[in-house]
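Order of the sequence lines sets the chain letters (A, B, ...), proteins ahead of strands, with each chain counted from 1. The model shown is predicted, which means the values in this text are computed figures rather than measured ones.
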Amino acid sequence: MADLDLDSSFIPALHKPPSLLPIAKHRESLLYVVETFPITIVIGQTGSGKSTQIPQFLERAGWCSDGKIIGPRRVAATTVALRVADEVGCEIGKEVGYSIRFEDVTSSSTRIKFLTDALLIREALADPLLSRYSVIMVDEAHERSISTDILLGLLKKIRKKRPELRIIVSSATLQAEEFLNFFAKGAGQESQEEGNGQPPRDIATIVSLEGRTYPIDTLYLESPAEDYVEKAVGTVFDIHTQEGEGDVLVFLTGREEIDNAIQAVAERAAGLDGRHGALQPLPLYAGLSTEQQMYVFDKPPEGTRKVVFSTNIAEASVTIDGIVHVIDCGFVKLRAYNPRTGIETLTTTPISKASASQRAGRAGRTKAGKCYRLYTEDAYQALPETNPPEIQRSNLASTILQLKALGIDNVVRFDFLSAPPSELMSKALELLYSLGALDEYAKLTQPLGSRMAELAVEPMMAKTLLSAPQFNCLSEMLTIAAMTSLGGNVWFHHDGERGKMESCRRKFAAEEGDHLTLLNVYQTFVTKGKKEAKFCHDHNLNYKSMTRAISIRAQLKRYLERFNISADETPSSNSQQPSAAADRSKKAESIRRCLTSGYFAHAARMQPDGTYRNVEGGTTLHAHPNSLMFNRKADWVVFHEIMETGEKTYIRDITKIEKNWLVEYAPEYYKLSNFTPRA
DNA sequence: GAGCACTGC
């Protein structure tokens, strides 16, 4: 392992960020701008206080005096709302409240409401002009989630009918101009039509707020690293032996790299000179249980340096105090969707300049810091400004369905901030048509299509749920829908406990496949396990995920009750009579049939070599090692998810079905001519 | 016999 010397191997960046100042002195100009321009783009660094201060400025300036509510949104709506309530001096849920998926903490007196963008879109289903709000602030818009993009398009549309509405968009520097142009484009002609001619440039303006962060020295490699994991580990030791106090945050791309790096640090630390303190390497990624994640927030013992090896979760979602050194490998795993094959990929990709600066910023939150980029300055210059927005690389079925439900019939002409490729649109439209959510004129069907749009699960599962009453398995399907939407985070294991986890999983195994296994897990958790953390702990189940499943199930059930569809929740009999086994198998068949009615587009057949092939026959599919069907025999199956990682394409959450069910439930989709997959 | 980055309704 080649040692590197910090002084020679890293060279300083040519440009340094200016020193930064707090928001208060911008109050007057900010209020003036909001008064004057319908749309304000706010450039605010982390630490500028924009999310907490701007709503308060506006409220005090009378923007809520007629009882309307300022509605910013934020990923961490709860945290920000609690802080603002504290600053205002009110009880949370009174003047200041928040609303997130499972929690509405607002009241009739709420004047400042924090909510997520996805939830605001949901409100638009019932109140298309969002008439309760006088000012809407779209926070962290540069993150460009699908729902942010959709919301911005909706707001632009709403503004035509509600010229008095004020829109604030907060963004990082790089993308501000794009937002400005988006709102300015087309605004001139409309106001002319409406006869109150406002030239585009009077529609929107940019305000720049400075944040309170500390200077960060950025260092680059002189020559590219061959193995960035090894380079990261080497840099950790160089920092530890050559730099003063301060914890280290290392950005890597995934669990495997993180585990390897931690092991390497542990091995090399043994040979560390005694006069340097100890090193405490810690992992951080979303798949960890809550308690495993909590370690990264603990203060390390005196004289010990904490080194957090993290995925992108630490870039924007999780903030760790006391970080002085950031090591950035320059890569991230990005999800993309191929509309031609219908396969999602998860690929290691170079980060954008925007990400690089966000990562570096994690070093300067408590005092001056340093960022070590494990790439050259030339490589940095070659990075894209931003990564393509999510809406241009995702399966858009649920997005299109939602737009239709919002009354946007011509989705192709919707004013997208960045229009998605047409193949993504047509693929989504085709699927929605085959599920019966859209008719042959691409209109939302009633009641199926609009009900599917309201359910908070992806369209294939929504269809499955809405078919469940016909198959007499709604109660079971509610559970399966909740469990599959946990996204593979049901099980967890500590180091070296993989075998134990596998044997726990086998205890719940159902012969028919993963969906029925998940059903067993949930049912045992709520009955025998009494919904307790101890049960999860004893069975290597992720408690946070299991409680989440309970909430999701309850919410889905409420949605269905709103459609006057109610589930029979009488527990299945545990009788020892011979008929019990037959009943169970009959129920299992109903569930498998029901799954087929929604997941017929995700069908595959096992080949003699044990791999799977879907109906088009193109790609070799492998049962995911976490699936019960891994190394088990089957003929036809349906699966929840398909994803390509590295060399292989995996299918996850797999259940055995009968071939003729596909023709029975999706006759149009399965024309007999193309039914048999190629060998 | 080998593995999923992250949000969110």
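Comparing A/Tyr559 and A/Asn312 by the nucleotide of DNA chain B whose heavy atom lies nearest to each, the residue mapping closer to the 5' end is A/Asn312. Heavy-atom nearest nucleotides on DNA chain B were determined for A/Arg548 and for A/Gly254, and the one closer to the 5' end corresponds to A/Gly254.
For A/Glu315, the side-chain hydrogen bond (donor to acceptor under 3.5 Å, both in side chains) criterion is met by A/Ser355, A/Arg359, not counting sequence neighbours. Contacts of A/Phe414 classified as ring pair (Phe, Tyr, Trp, His ring centres under 6.0 Å), with partners at least two apart in sequence or in another chain: A/Phe416.
A/Arg132 and A/Glu123 are joined by a salt bridge, as a carboxylate oxygen and a charged side-chain nitrogen come within less than 4.0 angstrom of each other. Salt-bridge check for A/Arg122 with A/Glu454: failed, with every basic side-chain N at 4.0 Å or more from each acidic carboxylate O.
Residue-to-nucleotide contacts include a donor-acceptor pair under 3.5 Å from the side chain of A/Glu641 to the base of B/dC4. Judged by atom type and distance alone, A/Asn626 reaches the base of B/dG3 through a side-chain donor-acceptor pair under 3.5 Å.
Look at A/His624 and you'll find a side-chain N or O under 4.0 angstrom from OP1 or OP2 of B/dC4. Within the structure, a side-chain polar atom (N or O) of A/Thr645 is placed less than 4.0 Å from OP1 or OP2 of B/dC4. OP1 or OP2 of B/dC6 sits under 4.0 Å from a side-chain N or O of A/Thr311. Close to B/dC4, at under 4.0 Å from its OP1 or OP2, lies no side-chain N or O of A/Tyr285.
Listed nucleotides: B/dA5, B/dC9, B/dG3. Nearest to the side chain of A/Ala456: B/dC9. When each of B/dC4, B/dC9, B/dT7 is scored by its nearest atom to the side-chain atoms of A/Ala286, the top-ranked nucleotide is B/dT7. With B/dG1, B/dT7, B/dC9 as the choices, the nucleotide that has an atom nearest any side-chain atom of A/Asn631 turns out to be B/dG1.
For the pair A/Lys156 and A/Phe182, the cation-pi criterion (under 6.0 Å, within 45° of the ring axis) is fulfilled.
One can place NZ of A/Lys544 at 10 Å from P of B/dC6, the figure rounded to the nearest angstrom. One can place CD of A/Glu502 at 10 Å from C1' of B/dG3, the figure rounded to the nearest angstrom. The CG atom of A/Asn489 sits 8 Å away from the C1' atom of B/dC4 (whole-angstrom rounding). What separates CG of A/Asn395 from C1' of B/dG8 is a distance of 15 Å, to the nearest Å. Rounded to a whole Å, the CD atom of A/Glu647 is 13 Å from the P atom of B/dA2. Note: CD1 (A/Ile258) to P (B/dC4) measures 14 Å, nearest angstrom. Rounded to whole Å, the distance from CG on A/Asp104 to C1' on B/dG8 is 17 Å. Computed from coordinates, the A/Leu252 CG to B/dC6 P distance equals 13 Å when rounded to whole Å.
At a threshold of 4.0 angstrom between heavy atoms, the contacts of A/Phe630 include nucleobase atoms, whether or not backbone atoms are also involved. Contacts of A/Arg255 with the nucleic acid, taken as non-hydrogen atoms under 4.0 Å apart, involve only primed sugar atoms and P, OP1 or OP2. Counting any heavy atom pair closer than 4.0 Å across all strands shown, A/Leu346 reaches a base atom. At a threshold of 4.0 angstrom between heavy atoms, the contacts of A/Ser147 with the nucleic acid are absent. Across all strands, A/His622 comes closer than 4.0 Å to no nucleic acid atom at all (heavy-atom distances).
The neighbour count for A/Glu502 CD, taken as heavy atoms of other residues, nucleotides or ligands under 6.0 Å away, is above 12.
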